[in-house]
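Convention: sequence-line order gives letters A, B, ...; per-chain numbering from 1. If you're wondering where the values come from, they're calculated on a predicted model, not measured in any experiment.
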Protein chains: 2
Amino acid sequence: MGTKERRAREKEQLRQQILSAARELFVNEGYENVSMRKIANKIEYSPTTIYLHFKDKADLLDSVCQETLLSLLNTLEQLKRDTSNPVETLRKSGRVYVAFGLKYPQDYKLTFVIRPQFQKGLGLQEGSIGEKVFNYLRAMVSECIQQKIFRQMDVETTGQVLWSAVHGVTMLLIDFPDFPWTEKDTLINTVIDTTIEGLKA
Amino acid sequence: MGTKERRAREKEQLRQQILSAARELFVNEGYENVSMRKIANKIEYSPTTIYLHFKDKADLLDSVCQETLLSLLNTLEQLKRDTSNPVETLRKSGRVYVAFGLKYPQDYKLTFVIRPQFQKGLGLQEGSIGEKVFNYLRAMVSECIQQKIFRQMDVETTGQVLWSAVHGVTMLLIDFPDFPWTEKDTLINTVIDTTIEGLKA
DNA sequence: CATTTAACTTTACACTGTTAAGTATACCAC
DNA sequence: GTGGTATACTTAACAGTGTAAAGTTAAATG
């Protein structure tokens, strides 16, 4: 019987092929400079085949970004959390977050800048990977507040402040590579440490 | 004789016409969704006329962004600086910066995200408006450090940390309007105050 | 073997940024 | 005023875009 399963497997395989071709092209040439035809060429199918797996180009982008978020989540979760020192964990997580953004700058921008432009109304929906990432942050922040290391402030606000800081420095370093930045790691660490210091009780 | 001058004036006028048509379209429909033909239609000239005034679409974008930066600089400089309380001035400037970004979100993104993507290698060149904006920040930071309110840290790094913070929160609020942010002004103020607090001696 | 279904391709449409060539008009020296 | 030239602008064209509709092929089912 297993033909149906085989077919489904093959279909999934092609989907994955399209996805990784798209990611590679998006990352190397920029979303706007990648045409459906280019992707099709790379996987040696006709352009319209892509539409059998993805609604349109934006949907393709969205799927690529989901993968990116998952990868970010995994990277963060690999960091083993020392509950006795939540601030240090937070610090490390911040560094990992920025490092991720700088290691895959194009993927980062696709996910956090380009995608919101094309996919209106994504507000961190229930069960999404994006929500899981933010939950990770929430948990750490919560710990810092409960242990009274941080000011007794709203968990949400505190988390959002931290996100703003790491997102800001990541975006600037990506978008203005020629700006006369002070030493990159110094800047990143200072951003994270300053924000954490400012949040302390 | 003045015909030459009149001609030059007319030419400049058309240039301005193109610029404001382009800005309006870029802002309302997004850079990528605006074609040279659309701009041309709006000003009732043929598409190729635009090329008599701007090298290409990216150059047009660049000119639009220069205007935006100038507007930002003016907005910042209107704030009268109370040298006896540089921290309060810095706080206000931060709020003004974010408010500017949120008032003209598309212009902000064009300038700080889209343009760097198309104009590689803009590293805050000598005498540019971007440099003037950053100089404004430098001056305020310098004051805070000299008066020993801030930690004795590198002026550059300190300024870059502040820029990261305000840029981060601005970008997030623009790109994820549906995210469950805490009250917007609270978030903005908390970001600014937290960063400043973290920088204090 | 016949028929249905799924996978994939061909063709086509209306659009894109930009270049090259063409045209008309306003200016200048005589 | 007339001839020539420079300026402003347009027309036409090229190679490319995202994607819908229709057509084709091959495999799975009854």
(request) Quickly work out the B/Asn33 CG to D/dT17 C1' distance and round it to whole Å. (result) 13 Å

(message) I want to check a possible cation-pi pair here: B/Lys57 against B/Tyr31, using under 6.0 Å from ring centre and within 45° of the ring axis as the test.
(response) yes

(request) May I have the distance from A/Ile18 (atom CD1) to C/dC8 (atom P), rounded to whole angstrom? (result) 9 Å

(request) Output yes when B/Lys200 and B/Glu197 qualify as a salt bridge under the 4.0 Å nitrogen-oxygen rule, no when they do not. (result) yes

(message) Minimum heavy-atom separation for A/Gly101 and A/Ile174, please, with both atom names.
(response) O-CD1, 3.6 Å

(message) For the residue pair A/Tyr104 / A/Ser71, report whether a side-chain donor-acceptor contact shorter than 3.5 Å exists.
(response) no

(message) So, under a plain 3.5 Å distance rule, would you say the side chain of A/Arg37 forms a donor-acceptor pair with the base of D/dG18?
(response) yes

(message) Under 4.0 Å, counting only non-hydrogen atoms across every strand here, what does A/Leu14 touch: a base, just sugar-phosphate, or nothing?
(response) sugar-phosphate

(message) Could you tell me how far apart B/Ile50 (CD1) and D/dC9 (P) are, to the nearest whole angstrom?
(response) 12 Å

(request) Measure the distance from CG on B/Leu61 to C1' on C/dG17 and round it to the nearest whole Å. (result) 14 Å

(message) Rounded to whole Å, please give me the gap between CG in B/Asn41 and P in D/dT10.
(response) 11 Å

(message) Students often get this wrong, so: under 4.0 angstrom with heavy atoms, is A/Tyr45 touching a base, only sugar-phosphate, or nothing?
(response) sugar-phosphate

(message) In this structure, how many angstroms lie between the C1' atom of D/dT17 and the CE atom of B/Met36, rounded?
(response) 17 Å

(request) Return the 5'-most residue of the pair A/Glu44, B/Tyr31 with respect to DNA chain C, ranking by each residue's nearest nucleotide. (result) A/Glu44

(message) Once you apply a heavy-atom cut-off of 4.0 Å, does B/Ser46 come out as touching a base, just sugar-phosphate, or nothing?
(response) base

(message) So, does B/Thr48 get its side chain near the phosphate of C/dT18, meaning an N or O under 4.0 Å from OP1 or OP2?
(response) no

(request) Find the distance B/Lys57:NZ to C/dG17:P and express it as a whole number of Å. (result) 5 Å

(request) Write down the distance between CG (B/Leu25) and P (C/dT16), rounded to a whole number of angstrom. (result) 11 Å

(request) May I ask you to check whether over 12 heavy atoms, not counting those of B/Glu44, lie within 6.0 Å of atom CD? (result) no

(request) Would you indicate, yes or no, if C/dA7 has its OP1 or OP2 atom less than 4.0 angstrom from a side-chain nitrogen or oxygen of A/Lys11? (result) yes

